[in-house]
Amino acid sequence: GVEVGPQPQGVARADVLDKMRKIVKHGLDFVQLFNEGKEFPPCTIEVFKIMEKVDYPRNKNGEIIAIIHPELQDQDWQPLKNGDPQFLTLDGEVIPYQGNCTVYPTFINEAAYYEKKQAFVKTEKIKLTAKHLRLSVS
């Protein structure tokens with residue numbers, strides 16, 4: 001599956017559809033070249049690995065008591081460092097991120113995740129290395 005976003009539910013966006021088409025085309029091109037015996041050299045890429053889901057701050061009744069801070073809103077894949085604003089209470093108090101490493105939040109304030117008790121997902125940036133790749137014909 002390919003998920004390209006973000007985009008609101010029920011909305012068809014031309015820019016997102018174009019990105020999805022490009023991703024699918026690259027995937028199909030790779031399969032074709034691989035099946036033709038092309039050798040792909042070793043490579044290293046940066047990816048984001050999911051660490052944990054972060055819920056909204058809640059009171060003892062399970063009600064949300066803070067929203068995503070304006071400085072975090074729309075900052076998917078951007079670094080969130082210790083002390084950076086994370087939430088804003090309904091009383092105007094800033095709740096900073098408290099962590100021992102920089103994280104890269106994504107799915108920030110996605111409407112579809114409210115019921116799943118997810119304000120955003122913390123990810124870490126890691127590097128993956130692949131050896132050369134070539135179809136071995138028997």
[X] side, atom [atom1]; [Y] side, atom [atom2] - distance, nearest 0.5 Å:
X	Y	atom1	atom2	answer
Leu88	Ile68	CG	CD1	10.5 Å
Ile126	Met51	CD1	CE	11.0 Å
Tyr104	Trp77	OH	CH2	12.0 Å
Lys49	Lys122	NZ	NZ	14.0 Å
Arg58	Ile65	CZ	CD1	10.0 Å
Thr102	Lys125	OG1	NZ	10.0 Å

Consider only side-chain heavy atoms of I, L, V, M, F, W and Y, link residues closer than 4.5 Å, and tell whether [X] and [Y] are in one cluster.
X	Y	result
Tyr113	Ile64	no
Val103	Phe120	yes
Leu28	Ile23	yes
Ile95	Tyr56	yes
Tyr114	Val54	yes

Practice task
For ring-ring contact (aromatic ring centres under 6.0 Å, His included), just list the numbers for Phe87 and Tyr97, CA-CA rounded to whole Å, side-chain angles, deciding distance to a tenth of an Å, and then say yes or no.
Solution key: CA-CA 8 Å; Phe87 295 105; Tyr97 169 63; over 10 Å; no
Taking the side chain as everything from C-beta on, heavy atoms only, tell me whether [X] gets closer than 4.5 Å to [Y].
X	Y	answer
Glu71	Pro85	yes
Pro105	Leu72	yes
Pro42	His132	yes

Exercise for the section: Only counting residues at least two apart or in another chain, list the ones meeting side-chain contact (heavy atoms from CB on, under 4.5 Å) with Asn100. Expected result: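 By the side-chain contact (heavy atoms from CB on, under 4.5 Å) rule, Asn100 matches no residue at all.
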Exercise for the section: Applying side-chain contact (heavy atoms from CB on, under 4.5 Å), name anything that partners Val31, two or more places apart in sequence or on another chain. Expected result: Asn35
Exercise for the section: Determine, for Asp18 against Lys22, whether the closest basic-nitrogen to carboxylate-oxygen distance falls under 4.0 angstrom. Expected result: yes
Exercise for the section: Decide yes or no on side-chain hydrogen bond (donor to acceptor under 3.5 Å, both in side chains) for Thr106 and Thr123, but give the supporting numbers first. Expected result: CA-CA 7 Å; Thr106 189; Thr123 69; over 6 Å; no
Problem - From CA spacing to verdict: side chain to side chain contact (heavy atoms under 4.5 Å, CB included), Gln73, Asn109 - result: CA-CA 7 Å; Gln73 184 65 51; Asn109 203 23; 3.0 Å; yes
Exercise for the section: Scan for salt bridge (Lys or Arg N to Asp or Glu O under 4.0 Å) pairs involving residues 26-43, sequence neighbours excluded, and state none if there are none. Expected result: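 Found Lys25-Asp29, Glu39-Arg134.
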Practice task
Ignoring hydrogens and angles, tell me if any N or O in the side chain of Asn59 forms a donor-acceptor pair with the backbone of Asn61 under 3.5 Å.
Solution key: yes
Practice task
Considering non-hydrogen atoms only, spot the tightest contact between Gly83 and Pro96 and give its length.
Solution key: O-CB, 3.6 Å
Problem - Minimum heavy-atom distance between Lys53 and Val121, given as atom pair plus value - result: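 Distance-wise, the nearest heavy atoms are CG-CG2, 4.1 Å.
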Practice task
Count the heavy atoms of every other residue, nucleotide or ligand shown that sit under 6.0 Å from CG of Leu133, and state whether that count exceeds 12.
Solution key: yes
Exercise for the section: For Arg21, look at atom CZ and say whether over 12 heavy atoms of other residues, nucleotides or ligands are found less than 6.0 Å away. Expected result: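 Result for CZ/Arg21: open.
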Exercise for the section: Starting from the C-alpha separation in whole Å, work towards a yes-or-no answer on side-chain hydrogen bond (donor to acceptor under 3.5 Å, both in side chains) for Gln118 and Asp55. Expected result: CA-CA 4 Å; Gln118 178 180 312; Asp55 191 8; over 6 Å; no
